[in-house]
Amino acid sequence: MPELPEVETIAKQLDKKLRGRTIKSVELLQTGRETPQGSKFVKAVEGKKIERITRRAKLLIWNFTDGSAMLAHLKMTGRFVFVDKDYQLGKHDRAIFIFSGLRIADSGLVRLVWSDVRKFGFVKIVKPAELVDVMACYGPEPLESQAQELADRLKSPKTRMVKAALLNQEVIAGVGNIYADEALHRAKLRPTRRLGTLSIEDRLRLAKEIKRVLCEALKQGGTSANDYVDASGAKGKFLDFLRVYGRKGERCRECGTEIKRITIGQRGTHYCPKCQI
DNA sequence: CCGAACCTGTGT
DNA sequence: ACACAGGTTCGG
């Protein structure tokens with residue numbers, strides 16, 4: 001589900017609410033997607049003080065004051081949502097985190113629920129050294145990099161389709177299926193184009209559009225195409241601004257041509273056959 | 001490189 | 001019944 005704008009939105013909300021707090025207790029409702037497993041996980045997180053909560057690629061990073069961290073990947077349907085004391089447990093809830101210092105008077109939000117319908121997501125406790133490795137294994141952060149640096153990442157392998165390259169987190173971090181399609185439309189490039197066929201201008205234009213679309217989506221709190229909600233349970237508002245994603249059969253907002261849908265790397269891929277060459 | 005796998009839910 | 005869903009990893 002969430003890509004960079006959605007994960008960033010959640011990271012900021014969690015950071016604002018939880019920075020400086022201590023994880024008082026954790027209730028594991030369903031085991032199997034946490035590391036270490038079961039009671040070891042509970043033992044590893046309880047009592048940890050949160051220094052700050054950040055994002056790298058599509059990973060949420062809960063930095064603890066002792067240098068260790070909890071990584072959380074939401075994959076397709078993962079959620080972190082603040083709930084009040086009257087919250088009724090849902091079928092797909094995996095854990096509830098309770099934080100010290102949070103009172104009912106604090107806008108009534110006392111607990112954070114981690115849920116995940118499809119169970120692809122995970123949380124993992126890592127030591128400082130492993131955290132360094134994880135941070136280094138991804139490509140550059142698009143919102144913190146110059147367009148030229150991103151453009152340079154899109155040179156090779158020459159035979160790779162540009163859409164596939166955009167989905168590879170080692171090339172550029174945080175771009176997923178929605179924003180790959182949207183950036184390619186804005187840059188007027190077919191998703192099937194091979195990297196080797198892109199001119200210097202093409203790559204720079206694409207890099208700029210990647211930055212632009214991610215920035216605009218972030219301002220709208222991300223895109224709720226299916227299940228996505230932020231930590232307050234609210235949907236993202238960028239859906240209304242999408243130009244191709246999920247618009248198969250509808251008219252291109254630029255030229256009126258019918259939006260096509262093809263499959264690249266087992267992912268639905270949307271584009272305008274007239275605007276995108 | 002491609003397809004399958006991990007899962008559940010929803011829409012046609 | 002079948003296609004499809006914001007992701008990633010693994011095997012062939």
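Keep in mind that the numbers below use all heavy atoms, side chains included, and drop hydrogens, waters and symmetry copies.
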Rounded to the nearest Å, what distance is computed from the [atom1] atom of residue [X] to the [atom2] atom of nucleotide [N]?
X         : N      : atom1 : atom2 : value
Glu170(A) : dT8(C) : CD    : P     : 11 Å
Leu59(A)  : dT9(C) : CG    : C1'   : 14 Å
Ile264(A) : dG3(B) : CD1   : P     : 13 Å

*Looking only at side chains, do Thr269(A) and Lys163(A) share a donor and an acceptor under 3.5 Å apart?*
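Short answer, yes.
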*asked:* Within the 3.5 Å criterion, strictly below it, is a donor on Thr223(A) or Tyr179(A) matched to an acceptor on the partner's side chain?
replied: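 Looking only at side-chain atoms, Tyr179(A) and Thr223(A) do form a donor-acceptor pair, the distance falling under 3.5 Å.
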If you measure from the [atom1] atom in [N] to the same atom in [M], how many Å do you get, rounded?
N      : M      : atom1 : value
dG9(B) : dT8(C) : P     : 22 Å
dA4(B) : dC2(C) : P     : 15 Å
dC6(B) : dA1(C) : C1'   : 22 Å

Should the heavy atoms of other residues, nucleotides or ligands under 6.0 Å from [atom1] of [X] be counted, would the total exceed 12?
X         : atom1 : value
Glu250(A) : CD    : yes
Ile262(A) : CD1   : yes
Arg261(A) : CZ    : yes

*Would you mind telling me which residue lines up with the more 5' stretch of DNA chain C, Val175(A) or Thr263(A), judged by nearest nucleotide?*
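Of the two residues, Thr263(A) wins.
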*Are any of Arg261(A)'s side-chain N or O atoms less than 4.0 Å away from OP1 or OP2 of dA5(C)?*
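Indeed, a polar side-chain atom of Arg261(A) lies that close.
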*Could you check Lys235(A), Gln13(A), Arg79(A) and say which one makes a side-chain hydrogen bond (donor to acceptor under 3.5 Å, both in side chains) with Asp230(A)?*
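Exactly one option meets the side-chain hydrogen bond (donor to acceptor under 3.5 Å, both in side chains) with Asp230(A), and it is Gln13(A).
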*Between Trp62(A) and Phe80(A), does the ring centroid distance fall short of 6.0 Å?*
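Trp62(A) vs Phe80(A): aromatic centres under 6.0 Å.
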_Could you tell me if the side chain of Glu170(A) sits less than 4.5 Å from the side chain of Tyr138(A), heavy atoms only?_
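The answer is no; the side chains never approach within 4.5 Å.
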_I'd like to compare against my own output: the B/S/- annotation of nucleotides 4-12 of chain B with a strict under-4.0 Å heavy-atom distance to protein._
B-BBBS---
*Could you provide the dot-bracket string of DNA chain C, using ( ) for intrastrand pairs, [ ] for crossing pairs and | for bases paired to another strand, with Watson-Crick or G-U pairs below 3.5 Å?*
|||||.||||||
